[in-house]
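The structure under discussion appears below in the form of structure tokens.
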Amino acid sequence: MSEQKEREEEPAAEREQPVDGAVNTEVDSDGTDPVHKQEEDHECGVNGQTIFPRSGQGWEEAVSQTNIHPQDSEGGHSPKKTSSAYVGNSTATVKIILVPEGQVMTMAFAIGLSIEELKSHFAEELKVPAEVLHVSWNSNVVEDHMTLMDLGVQPNGTTQLELRSTDPLNHPVRPAKPQQDYNMPDVITVRVQQDAELSEFQEVVVEIERATQRKAFLGGYRNTVTGAEYHHAAVQTPAKRRPDRGVAIFSRDTQTVVVKTQAQQCSHSVSTQMTGIGCYVSCMKDKLLTPTGTYVTAAQLHSHRLDAVITLQTYVRRWLARCCVEELRRARDRRLAWIHMEQRRREEEMEERVRAEDRRTRNPRSKEDFALLYNALEKWRQEELQLINSSLCGAERKAALCSLLEQETQLISSIGRHRLLAQQNNYDKAVHAFLDKCAAPRRWCALDGQMTHMDTPSTLRAKELRDLYTSLALTSCSQEERLDALLTLKHTVKEHDCKLTRDMVELIDREADLMMRGVKKTNLEGLRKRISTLFLQYIKTPTFNPEVARWLKVPQEEPSGHLKEKKRYYCHGCRRYLPSGDFSLTATARRVAAGQCRQCGELDNEARQRQDFSKYHAVLERLRHDEERELSTDTSITYLLQEKDMHHLVDVVWGCQSALCACRDLHELLMVRWERRRHWSPWNCILLTKDEAAAHRQVDRVSQAYGLALVQSVEHKHTVAKRYFAQIPAMARYLRNVESQPVARGNQLVSKPITTETE
């Protein structure tokens with residue numbers, strides 16, 4: 001109590017200590033900072049909506065400007081307003097609805113802000129590329145060049161926009177996670193007491209205007225007891241500009257005329273004889289000429305001619321300028337039309353790619369479709385696992401992990417059911433395609449370029465068997481049609497007597513007997529499937545169908561009649577000995593015995609890594625097409641690489657991004673040559689976008705076209721690729737040829753091996 005009494009008796013002058021360059025901050029009567037008090041009083045949202053604070057410099061100055069009391073300025077003058085006179089700088093409350101999550105983000109933006117800048121801000125907040133974001137207003141897509149003013153937003157008004165992603169599979173729009181560090185929001189809710197007796201309060205929404213620049217620190221005072229800082233009033237007023245005197249300053253050289261005098265001598269001397277002493281000249285034939293018009297001096301004549309030339313040149317130059325402007329306008333229109341067409345083409349390609357991926361995920365058919373599904377499942381699992389680890393702990397975390405495992409199990413089971421259905425459909429399509437190839441006529445190209453088709457007895461036999469198999473596979477046929485097809489099949493297979501044909505005849509008689517007894521079709525499905533399977537086996541026998549021998553994968557026979565023994569290797573996954581064709585090897589693999597078969601490799605990828613190599617396959621196919629278009633004689637080196645090798649080259653060596661613009665969309669990336677005059681190889685390539693690759697192909701000398709830092713970075717990646725792909729024996733000679741070529745001085749790579757001595 002004594003210490004408090006001494007502090008109260010201490011004069012105010014002694015408690016206020018000057019600070020070098022402090023800013024005046026007012027303190028309330030209860031001794032608390034209004035900024036901190038406002039941080040304690042403001043709520044987490046407006047009308048129950050979550051508000052995410054926007055980080056940025058200058059919000060502390062905005063809060064200090066808002067809390068300055070009018071009594072702080074000397075002489076009773078209130079501080080000068082700092083808001084801009086332009087309407088475009090006025091702010092409005094914008095509600096962003098994340099689709100399809102449905103979460104609402106409320107922020108204050110300037111109504112002169114463009115949609116492109118708004119998308120860039122939310123791309124940084126949501127951690128997704130700005131190119132995949134689409135903003136819609138009243139169910140209409142808003143263009144990037146439009147502003148909030150174009151949408152009809154008034155100053156201090158409110159509008160509502162929808163934000164969605166065009167690539168929800170790879171870049172979904174997730175709700176932004178709360179920031180760990182506290183930042184001042186753009187919109188706060190303040191409770192104001194209206195009547196002290198009735199204790200009535202009113203909630204007022206306050207928008208905080210952020211300062212565009214940090215003001216000068218002009219000094220102030222600090223209270224040694226409470227620690228409050230008091231700023232000068234000059235901090236709240238804009239800086240004074242130097243007045244414009246309105247005097248134009250010109251150079252003396254532009255106002256000075258240079259005069260030059262030069263004498264000239266005529267080329268011919270002329271003399272005139274006049275009357276004089278001792279000389280008479282008759283004047284009888286002299287004439288007196290009087291000018292009828294205005295006399296024009298030589299200077300006036302030259303001036304008139306100069307004016308005429310200037311007028312003529314003016315019209316000619318005007319005509320030339322109009323022609324030039326028209327040509328520039330036509331070139332600009334062609335350029336804008338081409339840009340618009342290219343942009344529209346890219347948007348259509350992106351939309352078509354998104355629709356194709358959506359169709360592949362909804363209705364998978366091939367191995368690539370199921371690999372895409374498992375890849376999307378793994379991405380979803382990683383995101384959910386990261387969210388659980390960051391937000392939960394203890395028993396709640398274990399329960400969430402168990403729920404995540406159950407969801408993953410259900411999704412895997414659903415994918416398995418789709419795979420069984422797709423296998424059945426693919427099997428039926430493969431059988432019909434096989435029968436169509438066997439029944440196709442022989443054809444060849446004649447000398448005149450016309451295609452000649454010829455049916456042989458074997459092709460006619462294959463066509464007859466195909467039509468019969470198709471009629472047996474029909475499910476929507478009457479009983480008479482089914483009996484007719486069975487009778488035709490019975491007469492066809494009776495031509496050959498063997499165990500297979502006898503079994504088929506027995507099953508045909510059984511089905512005909514059951515159909516005559518009135519058995520339902522659903523009870524006959526198993527029997528009909530057995531008949532179709534045996535008949536397909538009958539068709540695939542070369543004895544009954546000679547044409548099928550051209551398309552069956554049978555072991556080749558030596559001239560002596562013995563079958564060739566293929567090399568067989570042991571698979572550690574399925575523990576079976578399989579031929580070498582069932583193993584997929586990378587370019588750097590040296591033996592097959594240590595690997596897995598294709599089926600075991602796909603199963604292991606689905607269970608562990610769940611990688612999708614379809615994008616890398618597309619990059620490899622584009623590379624092969626470009627090398628074939630270049631008429632390169634060494635295109636075989638591109639066929640030595642597989643999807644896994646391209647995955648290592650793109651992801652590990654080049655970081656899965658363009659070397660120039662850091663674009664990470666594999667659909668837009670190309671692998672092209674680094675030096676155009678050398679053959680493509682892993683140590684002579686660069687990863688670029690399609691537009692960058694088109695410009696890079698026109699470069700003759702890369703050392704002059706690019707900077708030193710980029711050249712050194714690319715050469716380092718070439719060294720890493722060379723160390724990895726040099727293990728391929730077929731690439732050894734390319735590597736020797738590269739090392740034997742002379743290298744420019746200052747552009748050499750260290751190729752000496754590093755040896756380590758150990759005891």
Side-chain angles (χ1 to χ4, degrees), residues 80 83-90 110-112 114 116 143-147 149-150 212-213 238-344 691 694-695 698-701 704-705 707:
K80 188 177 181 180
S83 59
S84 176
Y86 296 97
V87 180
N89 294 333
S90 301
I111 61 175
S114 63
E116 182 178 2
E143 301 294 338
D144 293 345
H145 61 83
M146 298 183 64
T147 61
M149 297 175 60
D150 299 336
T212 58
Q213 61 182 357
K240 294 183 179 180
R241 298 183 57 183
R242 180 178 298 178
D244 188 7
R245 294 179 298 176
V247 178
I249 301 176
F250 301 95
S251 176
R252 181 179 179 184
D253 297 336
T254 59
Q255 308 297 327
T256 306
V257 179
V258 179
V259 180
K260 183 178 181 181
T261 302
Q262 183 176 0
Q264 293 183 353
Q265 181 65 31
C266 297
S267 58
H268 298 281
S269 299
V270 180
S271 60
T272 301
Q273 184 65 43
M274 302 297 293
T275 300
I277 300 175
C279 180
Y280 173 77
V281 178
S282 176
C283 59
M284 296 296 296
K285 297 181 178 181
D286 292 348
K287 297 180 180 180
L288 181 61
L289 299 179
T290 304
T292 57
T294 305
Y295 180 76
V296 179
T297 61
Q300 293 176 353
L301 178 62
H302 291 307
S303 177
H304 180 68
R305 290 181 177 178
L306 181 60
D307 293 340
V309 170
I310 291 176
T311 304
L312 182 61
Q313 288 182 353
T314 301
Y315 283 99
V316 171
R317 290 176 180 177
R318 179 186 177 185
W319 176 75
L320 293 176
R322 291 182 61 181
C323 293
C324 182
V325 170
E326 289 294 333
E327 182 64 26
L328 293 177
R329 184 180 291 108
R330 287 192 294 268
R332 183 203 61 184
D333 295 340
R334 290 194 300 267
R335 178 67 179 176
L336 293 178
W338 179 82
I339 291 175
H340 178 70
M341 183 177 62
E342 286 293 318
Q343 185 177 1
R344 184 177 179 181
D691 298 337
Q698 307 298 329
V699 176
D700 291 333
R701 295 183 180 182
Q704 298 180 358

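Along the sequence shown, the residues carry numbers beginning at 1. Small disclaimer: the values here were computed from a predicted structure and weren't measured.
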Can you tell me how far CZ of Arg329 sits from CG of Asp333, rounded to the nearest 0.5 angstrom? 7.5 Å
Quick one: pull up NZ in Lys260 and CD in Gln262 and give me the separation to the nearest 0.5 Å. 5.5 Å
Rounded to the nearest 0.5 Å, how far does CE of Met149 lie from OG of Ser114? 13.0 Å
Would you give the length of the straight line joining atom OG1 of Thr147 to atom CD of Glu116, rounded to the nearest 0.5 angstrom? 12.5 Å
With a sphere of 6.0 Å drawn around NE2 of His340, does it hold more than 12 non-hydrogen atoms of other residues, nucleotides or ligands? no
Glu327: partners by salt bridge (charged side-chain N to carboxylate O under 4.0 Å, His left out), with sequence neighbours left out: Arg330, Arg334
Can you list the residues that meet the salt bridge (charged side-chain N to carboxylate O under 4.0 Å, His left out) rule with Glu143, with sequence neighbours excluded? none
Show the atom names and distances, to 0.1 Å, of all donor-acceptor pairs under 3.5 Å that link a side chain in residues 293-305 to residues at least two apart or in another chain.
residue	atom	partner	partner atom	Å
Thr297	OG1	Gln300	N	3.3

Closest heavy-atom pair and its distance - Ala705, Val699: CB-CG1, 3.5 Å
List the atom pairs, donor and acceptor, that lie under 3.5 Å between side-chain atoms in residues 306-322 and the rest of the protein, sequence neighbours left out.
residue	atom	partner	partner atom	Å
Thr311	OG1	Asp307	O	2.8
Thr314	OG1	Ile310	O	2.6

Can you name the side-chain contact (heavy atoms from CB on, under 4.5 Å) partners of Val281, sequence neighbours left out? Gln273, Thr275, Cys279
Residue list, salt bridge (charged side-chain N to carboxylate O under 4.0 Å, His left out) with Asp691, at least two apart or on another chain: Arg346
